[in-house]
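Counting starts at 1 for both ligands and their atoms, following the listed order. Everything numeric here is computed off the predicted structure, so don't read it as measured data. Just so it is clear, the values below take in all heavy atoms, side chains as well, and ignore hydrogens, waters and symmetry mates.
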Amino acid sequence: SFNVGIVGATGAVGKEIVGVLEKRSFPVGNLRIFGSERSAGRVVDTKFGKVTVELFSESSARECDVVFLAVDGDFSLKHAEAICDGADGAVVIDNSSAFRYKEGIPLVVPEINSDTTKGKKLIANPNCTTAIGLMAIWPLHKLFGLKKMVMSTYQAASGAGQPGMDELMEGTRSVLSGEREVAENKIFAHPLPFNVIPHIDKFQENGYTKEEMKVTWETRKICGLPDDFPVSCTAVRIPTSRAHSESIVAIFDKPVDVALARKALEESPGVKLVDDVSNLKYPMPLTATGQYDVEVGRLRKNIAFDNALEFFVVGDQLLRGAALNAVVVAEKMVE
Ligand code: HSE
């Protein structure tokens, strides 16, 4: 069994990592939780016993075999390499974007490219939106050969962590109760209740946001596609609390066949085909929340482009898009 450390275990993703470790079979011998001075000393009740949060230090994190970092990119940049350095360093699975685009650092969706972790001690966990979409794209890419992709996303407030959820809930309550002082928006650029905001993360020079460009950069790296492979995304924040939704148009090299595509998706681990429109069955955040599998549905031949499929994907971004992905990376590394 392994000594497992988590940094950021009280945040939105960190909590889910503890929950996934409790439910799955990764052999946790001893669980250690590291935090800031503010959280050190708190006790977290887990299946592995009561764990007292320890003040983070690189040397104590190095005592673990595997360390999950569920913290911001600046923290990861500062500490990740020191935690995994040398033969006695820990394997680090980092949920931030700090190392995702660095050459030589594997960026991993385990169902796609877990082979890239061999001999590596620092592994980058992907952006949640990208990880969810690729669960559906990958089996179709293997069948028909992806040529181009356009994605439009509908992302839940919890993508911005607990403060994002709180802002949505408080704002919604204050609108519904007709309060004159409507709760201020600090996390999102505009009030999110009863609104959609086509803006997630910072705008880049090319007019895309960083969240949108992450889908482009990470799809290329994870799927082993060329550096100029055409992937375009519009990422939109919507007032749901959890699970990100994505409408995807995928254009392929080969002629597409919907029946073959359905079969490949049905057989693909981590995917649940929810696609029976005659019974009003399609993917939705309400049904995908709390699930490990990504729901895929509304699968059809796109009528605007040749060799193209269009479909709708919903996945719990905190689980499949983050915590579960990280834990399955660890599971595959010890297999
Ligand atoms: N960047 C994502 C978002 C976070 O803001 O929705 C992952 O959930």
- Item | No-hydrogen, no-angle side-chain donor-acceptor test under 3.5 Å, Q317 and T129 | no

- Query: Is the closest side-chain donor-acceptor distance between E211 and N127 under 3.5 Å?
  - Reply: yes

- In plain terms, say whether E218 and R100 are close enough for a salt bridge, that is, a side-chain N and a carboxylate O under 4.0 Å apart. yes

- With F48, which residues qualify under ring-ring contact (aromatic ring centres under 6.0 Å, His included), at least two apart? none

- Item | R24 CZ: over 12 foreign heavy atoms closer than 6.0 Å | yes

- Message: Taking the six-membered ring for Trp, are H141 and F252 closer than 6.0 Å centroid to centroid?
- Response: no

- Sorted by chain and residue number, the residues having a heavy atom closer than 4.0 Å to an atom of ligand 1 are N127, C128, Q155, G159, I200, E211, R237, H244, Q317

